[in-house]
Amino acid sequence: MSRIKNENKPETSSPGTPKKGPAVRRRQAKPPADSRDHTSNQPVNANPEYDPEADTDVINLSFKPELLAPAGDMQCALAAFAAGADAVYLGLKHFSARMLAENFSTTDLARLAELAHQEGRKIYVAMNTLVKPDETASAYRLIRRLALDVKPDALIIQDPGIISLARQADFRGEIHLSTLANVTHQKALETAADLGASRVIVPRELSIDELRLMNDACPQKVELEMFVHGALCYCVSGRCWWSSYMGGKSGLRGRCVQPCRRVYTQKGKKGRFFSCLDLSLDALVKTILRLPRVVSWKIEGRRKGPHYVYYATTAYRILRDNPNDSKARKEALNILEMSLGRPGTKSLFLPQHAESPVSLDGQTSSGLLCGKLGKGLGGKYEFKPRLPLLPNDYMRVGYEDETWHHMVSVTKWVPEGGNYTITMPRGKNPPPGAPVFLIDRKEKELMELISSWDKRLKAVNPAMPSRDADIAALSPKDPLPAPQARKLEIIVRSSLPHGRDGKAGLKPGRVQGLWLSPRAVDGISQTLFDRLSWWLPPVIWPDEEDSWARLINRALRNGGRHFVCNSPWQAAYFKDRKGLALTAGPFCNIANPHSLGILAELGFNSAIISPELGEADILDLPAQSPMPLGIVVSGYFPVGISRHSLSALKIKDGFQSPKGEEFWAKQYGRNLWIYPAWPLDLSEHRARLEQAGYTTFVELTDYPPKDMAEAKRTSEFNWKIDVL
């Protein structure tokens with residue numbers, strides 16, 4: 001690309017050459033003009049060493065992993081293709097876990113898919129949300145339209161019910177299980193393969209050692225995909241209800257308002273204790289290239305602009321194609337620094353060098369920190385950028401959760417250190433020194449490159465065989481409803497009350513539930529095992545799998561007969577189910593009859609539904625269910641489960657949100673559970689729930705810190721407001 005020129009002004013590399021602030025290396029680089037013209041055909045190599053500069057090992061591999069780029073709109077998709085992406089993942093106007101992105105109509109998507117296939121690229125459609133009971137028909141019709149008109153190469157799904165709907169809709173593409181589906185350990189891959197999944201997207205929290213375990217255990221019918229770059233969540237994907245519990249905007253439904261990025265307080269200490277940096281595995285690609293079952297490298301960012309997509313994709317293409325070339329690696333890192341993302345972290349990827357993804361001293365807001373506001377007068381503020389600004393650059397003053405934050409469109413070229421005036425709207429008064437972030441830029445050369453791809457797109461005329469009337473008349477075949485079952489109450493604890501016999505909890509019609517642990521299995525009389533409900537954890541990590549398998553087998557040998565799996569994929573631990581009662585727990589996020597039908601295929605006898613649903617959905621679901629249903633009616637339900645430590649906060653103390661809401665945390669094994677200080681309570685609706693057909697009622701017992709004040713209220717979760 002040519003350099004941007006301006007009369008009497010210094011040149012800057014193009015597209016864009018932002019220089020970072022004092023704490024960041026100052027680099028300039030120029031991305032290649034287009035993808036396929038610059039793709040190297042040299043062999044791909046790998047080496048597991050941490051220091052890439054010390055890595056001299058050259059190993060030839062017979063494949064190159066797919067480079068998978070995000071697209072929140074058409075410009076981003078075309079930017080991804082221009083940068084050399086092998087595939088693009090994107091969402092539709094419905095059923096996407098990034099509902100705040102612009103997303104695509106099926107008409108636009110059909111044209112894009114046709115262009116992609118002509119160019120030898122692929123399109124993956126994300127339908128990766130939790131599907132409510134009244135949405136299955138529309139989800140089915142959408143999949144049928146995709147099958148007829150778009151023919152995407154794959155669907156990315158969270159909800160197992162989509163597998164059933166895709167079968168009925170005669171969808172011929174692949175099924176990829178999202179990170180939100182929470183396939184976190186080796187045996188889970190077997191269950192995924194049994195259901196016909198072609199690919200599993202593994203969690204961002206895995207270390208390289210755990211990735212090797214997943215790689216080695218991966219069934220032949222299944223491939224692995226991993227994130228190599230982009231935003232991190234503090235909580236495990238599919239194990240966060242924070243946004244939903246605080247007001248019905250569910251992350252499992254693509255509506256997360258990111259409460260983890262806000263300022264929290266504990267005993268006078270304030271900070272963004274849960275706001276993460278971006279994952280960036282750039283220098284470690286040779287290590288990843290040793291994993292032949294990891295066939296796809298994924299870049300996160302469906303809410304980012306075309307600049308980010310182009311630069312991030314270009315950088316990882318260079319890293320993938322030139323693993324032995326130190327000059328190419330430096331060029332790629334230079335380009336990556338210009339992608340306008342957050343500062344990067346390796347997080348937990350290197351177990352001997354694990355990093356906290358939270359930076360209490362640095363910025364974790366989206367975009368590139370490009371300076372701070374100076375003096376203000378009458379709503380106008382001085383601003384001296386740390387990098388050149390280009391016309392149409394898009395900036396944000398402050399963090400997204402600050403009431404005075406504001407978006408600014410740059411109107412002229414400004415040199416590094418030059419003077420620019422930012423005008424704030426009336427009523428928005430940022431403090432002196434407020435940070436300013438560059439969040440997108442549309443360089444002339446990049447826009448011209450996208451325009452050239454847009455011309456190719458407009459020349460495409462895909463066949464659209466389906467008619468709206470034909471699609472609208474379709475509806476899926478629902479599973480047959482289950483026969484009535486006996487009513488049951490389960491009180492789930494970490495240990496039995498009143499000693500080992502637990503007589504206080506073993507009353508007629510009431511079952512004592514215990515979280516499975518060595519202490520519980522080894523410390524309880526075998527005469528009680530068949531009277532207890534044994535609960536598996538919501539997350540099992542690859543390096544824990546063998547120990548969990550041994551513990552489950554001990555519980556089975558001791559006489560355990562009722563087990564609650566808190567991930568559908570944990571069914572793989574129970575190959576011989578004779579005489580067993582297997583229940584899908586509330587952490588499975590089950591919310592519709594087709595998901596329940598898939599659970600029946602996996603051997604489950606009953607299910608406890610997702611607590612996220614609203615009143616109407618909760619009351620409607622039993623009549624549609626192919627198995628008996630239960631519900632959590634009281635107790636402490638976590639807002640999130642994380643593999644990261646609590647960092648600067650103390651577990652024994654509560655902490656508060658900006659609105660004064662209190663939370664507390666507790667460590668269970670390898671995972672941190674974050675709780676609201678006020679418990680869930682649906683007990684006043686018990687009669688209506690029984691009338692609707694629920695037969696199992698669960699209380700999740702836990703104990704807040706001793707010095708925390710007793711809760712003055714309870715929560716009905718989304719009962720009254722419904723989940724968005």
Colleague: Relative to each other, are the rings of Trp678 and Tyr245 parallel, tilted or perpendicular (30° and 60° limits)?
Modeller: tilted
Colleague: Under 3.5 Å, is there a donor on one side chain and an acceptor on the other for Ser683 and Asp681?
Modeller: yes
Colleague: Quiz question: by atom type and distance under 3.5 Å, do the side chains of His685 and Glu615 form a donor-acceptor pair?
Modeller: no
Colleague: Quick one: does any side-chain atom of Trp534 pair with a main-chain N or O of Val521 as donor and acceptor, under 3.5 Å?
Modeller: no
Colleague: Is there a side-chain contact between Leu596 and Pro479, using heavy atoms and a 4.5 Å cut-off?
Modeller: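 No; the side chains remain at least 4.5 Å from each other.
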Colleague: Give me the ring orientation class for Tyr234 and His644: parallel if the planes are under 30° apart, tilted from 30 to 60°, perpendicular past 60°.
Modeller: tilted
Colleague: Backbone N or O of Pro219 within a donor-acceptor pair of the Arg293 side chain at under 3.5 Å?
Modeller: yes
Colleague: Answer yes or no: is there an ion pair linking Lys346 with Glu355, defined by an N-O contact shorter than 4.0 Å?
Modeller: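 Result for this pair is no, no salt bridge flagged.
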Colleague: Could you tell me if Thr583 and His562 have a donor-acceptor pair between their side chains, going purely by distance under 3.5 Å?
Modeller: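 Per modelled atom types, His562 and Thr583 side chains form a pair under 3.5 Å.
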Colleague: Is the shortest side-chain N to carboxylate O distance from Arg253 to Glu135 below 4.0 Å?
Modeller: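 So Arg253 pairs with Glu135 through a salt bridge.
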Colleague: Under a 3.5 Å distance rule, please check whether Gln158 uses its side chain to pair with a backbone N or O of Gly238 as donor and acceptor.
Modeller: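 Flag not set: sc Gln158 to bb Gly238 has no pair under 3.5 Å.
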Colleague: Using the rule given for ring pair (Phe, Tyr, Trp, His ring centres under 6.0 Å), can you reason through Trp535 versus Tyr668, listing the C-alpha separation, both sets of side-chain angles and the distance that settles it, and then say yes or no?
Modeller: CA-CA 13 Å; Trp535 285 55; Tyr668 281 114; over 10 Å; no
Colleague: Check this for me: does any side-chain nitrogen of one of Asp653 and Lys269 sit under 4.0 Å from a carboxylate oxygen of the other?
Modeller: no
Colleague: With the threshold set at 4.0 Å, does a side-chain nitrogen-carboxylate oxygen contact exist between Glu661 and Arg262?
Modeller: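 No, this pair does not count.
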Colleague: Phe563 vs Phe574 aromatic rings, parallel, tilted or perpendicular, using cut-offs 30° and 60°?
Modeller: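 Answer is tilted, since the angle falls between 30° and 60°.
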Colleague: Within a strict 4.5 Å, meaning less than it, do heavy atoms of the Leu672 and Ile651 side chains meet?
Modeller: yes
Colleague: Within a strict 4.5 Å, meaning less than it, do heavy atoms of the Leu224 and Leu291 side chains meet?
Modeller: no
Colleague: Would a distance-only check, ignoring hydrogens and angles, find a side-chain to backbone donor-acceptor pair under 3.5 Å from Arg686 to Val633?
Modeller: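 Answer holds: no.
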Colleague: Start with the C-alpha gap between Arg554 and Leu516, add the side-chain angles, then the distance that decides, and say whether side-chain contact (heavy atoms from CB on, under 4.5 Å) holds.
Modeller: CA-CA 11 Å; Arg554 289 206 323 258; Leu516 195 64; over 6 Å; no
Colleague: Whether the side chain of Arg261 engages the backbone of Cys276 through a donor-acceptor N/O pair (distance < 3.5 Å, no angle test) should be reported.
Modeller: yes
Colleague: Where do Arg643 and Glu544 land on the salt bridge (charged side-chain N to carboxylate O under 4.0 Å, His left out) test, with the steps shown first?
Modeller: CA-CA 13 Å; Arg643 197 177 189 182; Glu544 301 175 314; over 6 Å; no
Colleague: Between Asn566 (side chain only) and Leu536 (backbone N and O only), is there a donor and an acceptor less than 3.5 Å apart?
Modeller: yes
Colleague: Identify whether the distance between the nearest side-chain nitrogen and carboxylate oxygen of Glu205 and Arg239 falls below 4.0 Å.
Modeller: no
Colleague: What I'd like to find out is whether the side chain of Leu700 reaches to under 4.5 Å of the side chain of Tyr636, using heavy atoms alone.
Modeller: no
Colleague: Just by modelled atom types, is the Thr364 backbone N or O under 3.5 Å from a matching donor or acceptor in the Arg342 side chain?
Modeller: yes
Colleague: Could you tell me whether Asp707 and Lys650 make a salt bridge, using a distance below 4.0 angstrom between a side-chain N and a carboxylate O?
Modeller: no
Colleague: Would you check if Ser244 and Val723 make a side-chain contact, meaning some heavy-atom pair closer than 4.5 Å?
Modeller: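 A side-chain contact exists here, since the closest heavy-atom pair is under 4.5 Å.
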Colleague: Side chains of Phe95 and Ile162: closer than 4.5 Å at any heavy-atom pair?
Modeller: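 A side-chain contact under 4.5 Å is absent here.
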Colleague: Report yes or no: does Ser347 contribute a side-chain atom to a donor-acceptor pair with the main-chain N or O of Pro357 at less than 3.5 Å?
Modeller: no
Colleague: Testing the basics here: between Ala181 and Trp569, what is the closest heavy-atom pair and its distance to 0.1 Å?
Modeller: O-NE1, 2.8 Å
Colleague: Scan side-chain atoms only and decide if Trp241 and Asn589 contain a donor-acceptor pair under the 3.5 Å cut-off.
Modeller: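 Yes, a side-chain donor-acceptor pair sits under 3.5 Å.
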Colleague: Using modelled atom types only, decide if a donor and an acceptor are shared between the side chain of Asn128 and the backbone of Ser178 within a distance under 3.5 Å.
Modeller: no
Colleague: Take the angle between the ring planes of Phe587 and Phe637 and call it parallel below 30°, perpendicular above 60°, tilted in between.
Modeller: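 Judged by the thresholds at 30° and 60°, the geometry between Phe587 and Phe637 is parallel.
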Colleague: Do Phe274 and Val358 have side-chain heavy atoms sitting under 4.5 Å apart?
Modeller: no
Colleague: Measure the acute angle between the ring planes of Tyr573 and His185, then classify it against the limits of 30° and 60° as parallel, tilted or perpendicular.
Modeller: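 Ring orientation, 0 to 90° scale: parallel.
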Colleague: Between Glu612 and Arg255, does at least one N-O distance fall below 4.0 Å, as a salt bridge requires?
Modeller: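 No, Glu612 and Arg255 are not salt-bridged.
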